[in-house]
Structure formats: structure tokens, C-alpha cells
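The structure under discussion appears below in the form of C-alpha cells.
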Amino acid sequence: MEMNFVPDATFYMRVRDESIGGDNPFRWDYKTSKEIFLNKRVVVFSLPGAFTPTCSTFQVPGFEKAYDEIRSLGIDEVYVISVNDAFVMRKWMIDQGVEHIKALPDGNGSFTEGMGMLVDKSNLGFGKRSWRYAMVVKDCLVEKMFVEDGKMDNCPGDPYGETSPEMVLQYLKNVA
């Protein structure tokens, strides 16, 4: 099995900091790929956009529901990544009622581009976004990739199945 390192990228995040006070006590926090992935085994799933139908109806709720089972199979953390900014990702996680999975905002698309998963979705008015994929990463190395079929710019459909929590769980159970 060929393993590749995850791209070196910086994630721009907003974190609550009560010392700031006021109605919006958040500050910028910057996490690098190494801080997210080094010395850990994590699951990452990527999707075209926050608040979009397949992502909001199946993928995020499915991974949230499977979180404890995924963690029980030797996974330190579960992340959802999208080419959206930190503000959008935060509001989407609140809207979805997410308590466990963590959001990785890739607003500039640099991580997604480094993964070779940046596609043009201008046919939907989205611009550059991520193709749907999931992966298991161990110590910055991609252990296993799950990629939806038909990767292309301006794809007329929205394939979903290969990157489902069920597929990731099946893999994790088989290697446990």
C-alpha cells in the first residue's frame, strides 16, 4: 500500500476565549497539519460544502453518530474538512448539533489542493471546492483513502457512498 504524507497547510480557526469578553469572545487560532496529525491516528472526511444537502443529511450526522465507535477502533479524533471559512464551519457544526467531530476549515483550499482533491464546482456557483473523500491518517501519513467515483470539474452529480462512515468503519474493523 502506497502511503503519502498529508499536505503541509495552516488551518485558520476561531476559538472561544472568555478573557476577550463581550458578545463575541473568539480569537484566531492557527493549527498546522503537523499539529493536527503528528503522533495521532485520525479520520478525516471531506465534502463540497457546509449546509449542502448530502453533507448535512448523511455525512456529518453519520460520522457524528459513529464517533464513539470510530474512536474505539484506535482513532484519536474525527475531523470534517471543507473549503469553507472558520465562521461558516462553526455555524454549520452548531446547526448540525455536532458535539464530537471537529471542523477543519480549509477556506483557501490549500490542504484540499495538496491532497489533489480540489475541483471546480462553478456549475453550481460554488467555485473551487473539495471532491468528496475520507481518509485514515496515522502520524501524518495517509493510511487509507476513500474517494467517490467520477472525480471531475463541474460534475453534474454528487456521488456519495465510498466516503460514508459505514465504509470507514468497515475498514477500521478489518484492520483492528
Under 3.5 Å donor-acceptor pairs involving side-chain atoms of residues 93-101, not counting sequence neighbours:
none

Heavy-atom closest contact ([X] atom, [Y] atom, distance):
{"X": "Leu169", "Y": "Ala66", "value": "CD1-CB, 3.8 Å"}
{"X": "Val168", "Y": "Ala134", "value": "CG2-CB, 4.0 Å"}
{"X": "Val6", "Y": "Ser33", "value": "CG2-CB, 4.4 Å"}
{"X": "Asp153", "Y": "Val119", "value": "OD1-CA, 3.4 Å"}
{"X": "Ala103", "Y": "Met13", "value": "O-CE, 3.7 Å"}
{"X": "Asn24", "Y": "Ile20", "value": "O-CG2, 4.5 Å"}

- Query: What pairs with Phe26 under ring-ring contact (aromatic ring centres under 6.0 Å, His included), at least two apart in sequence or on another chain?
  - Reply: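 Counting only residues at least two positions away or on another chain, Phe26 forms no ring-ring contact (aromatic ring centres under 6.0 Å, His included).
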
- List the steps and the verdict of side-chain contact (heavy atoms from CB on, under 4.5 Å) for Ile36 and Val44. CA-CA 11 Å; Ile36 300 291; Val44 178; over 6 Å; no

Quick one, [X] and [Y] - any side-chain contact, counting heavy atoms below 4.5 Å?
{"X": "Pro7", "Y": "Met115", "value": "yes"}
{"X": "Tyr67", "Y": "Glu77", "value": "yes"}
{"X": "Cys155", "Y": "Trp131", "value": "yes"}
{"X": "Phe5", "Y": "Val142", "value": "no"}
{"X": "Trp92", "Y": "Cys55", "value": "yes"}
{"X": "Val136", "Y": "Val42", "value": "no"}
{"X": "Leu141", "Y": "Asn4", "value": "no"}
{"X": "Ile81", "Y": "Phe45", "value": "no"}

Counting distance only, does the side-chain N/O of [X] pair as donor-acceptor with the main-chain N or O of [Y] below 3.5 Å?
{"X": "Ser130", "Y": "Val83", "result": "no"}
{"X": "Asn154", "Y": "Asn123", "result": "yes"}
{"X": "Asn108", "Y": "Ser110", "result": "no"}
{"X": "Lys40", "Y": "Glu35", "result": "yes"}
{"X": "Asp106", "Y": "Ser82", "result": "no"}
{"X": "Ser164", "Y": "Met167", "result": "yes"}
{"X": "Thr52", "Y": "Gly49", "result": "yes"}

For [X], does the [atom1] atom sit with more than 12 other heavy atoms under 6.0 Å from it, leaving out its own atoms?
{"X": "Phe58", "atom1": "CZ", "result": "no"}
{"X": "Glu113", "atom1": "CD", "result": "no"}
{"X": "Lys151", "atom1": "NZ", "result": "yes"}

- Message: Assess whether a salt bridge exists between Arg71 and Asp76, defined as any Lys/Arg side-chain N lying under 4.0 Å from an Asp/Glu carboxylate O.
- Response: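 Judged by the 4.0 Å cut-off on N to carboxylate O distance, Arg71 and Asp76 do not form a salt bridge.
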
- List in chain and number order the residues that pass side chain to side chain donor-acceptor pair (under 3.5 Å) with Glu18, two or more places apart in sequence or in another chain; answer none if no residue qualifies.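 Checked Glu18 against side chain to side chain donor-acceptor pair (under 3.5 Å); matches are Arg16.
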
- Task: Go through the structure and list residues passing side chain to side chain donor-acceptor pair (under 3.5 Å) with Glu148, not counting sequence neighbours.
- Result: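 Result, side chain to side chain donor-acceptor pair (under 3.5 Å) vs Glu148: Thr163.
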
- Cation over ring face, Lys128 and Phe126, 6.0 Å, 45°: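 Negative - Lys128 is either too far from the ring of Phe126 or too far off its axis.
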
- Steps toward side-chain contact (heavy atoms from CB on, under 4.5 Å) verdict (Lys102, Val80): CA-CA 6 Å; Lys102 292 188 168 73; Val80 55; over 6 Å; no

- Item | Parallel, tilted or perpendicular, as decided by the 30° and 60° cut-offs, for the rings of Tyr12 and Tyr30 |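 Rings of Tyr30 and Tyr12: perpendicular, over 60°.
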
- Task: For salt bridge (Lys or Arg N to Asp or Glu O under 4.0 Å), just list the numbers for Arg129 and Asp120, CA-CA rounded to whole Å, side-chain angles, deciding distance to a tenth of an Å, and then say yes or no.
- Result: CA-CA 6 Å; Arg129 294 296 179 107; Asp120 188 358; over 6 Å; no

- Query: For Arg41, what residues pass the salt bridge (Lys or Arg N to Asp or Glu O under 4.0 Å) criterion, not counting sequence neighbours?
  - Reply: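 With sequence neighbours excluded, Arg41 shows a salt bridge (Lys or Arg N to Asp or Glu O under 4.0 Å) to Glu143, given in chain and number order.
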
- Message: Can you list everything that forms a salt bridge (Lys or Arg N to Asp or Glu O under 4.0 Å) with Glu69? Sequence neighbours excluded, please.
- Response: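 Residues passing salt bridge (Lys or Arg N to Asp or Glu O under 4.0 Å) with Glu69: Lys173.
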
- Does the ring center of Phe111 lie less than 6.0 Å from the ring center of Phe11?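 They qualify: ring centres under 6.0 Å apart.
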
- Look up atom CE in Met89 and atom CG in Asn84, then write down how far apart they are to the nearest 0.5 Å.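 Rounded to the nearest 0.5 Å, the CE-CG separation comes to 6.0 Å.
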
- Can Val43 and Leu172 be said to form a side-chain contact (heavy atoms from CB on, under 4.5 Å), step by step? CA-CA 10 Å; Val43 166; Leu172 293 171; 4.2 Å; yes

- Could you walk me through whether Trp28 and Phe87 pass the ring pair (Phe, Tyr, Trp, His ring centres under 6.0 Å) check? CA-CA 11 Å; Trp28 285 105; Phe87 298 100; 5.6 Å; yes

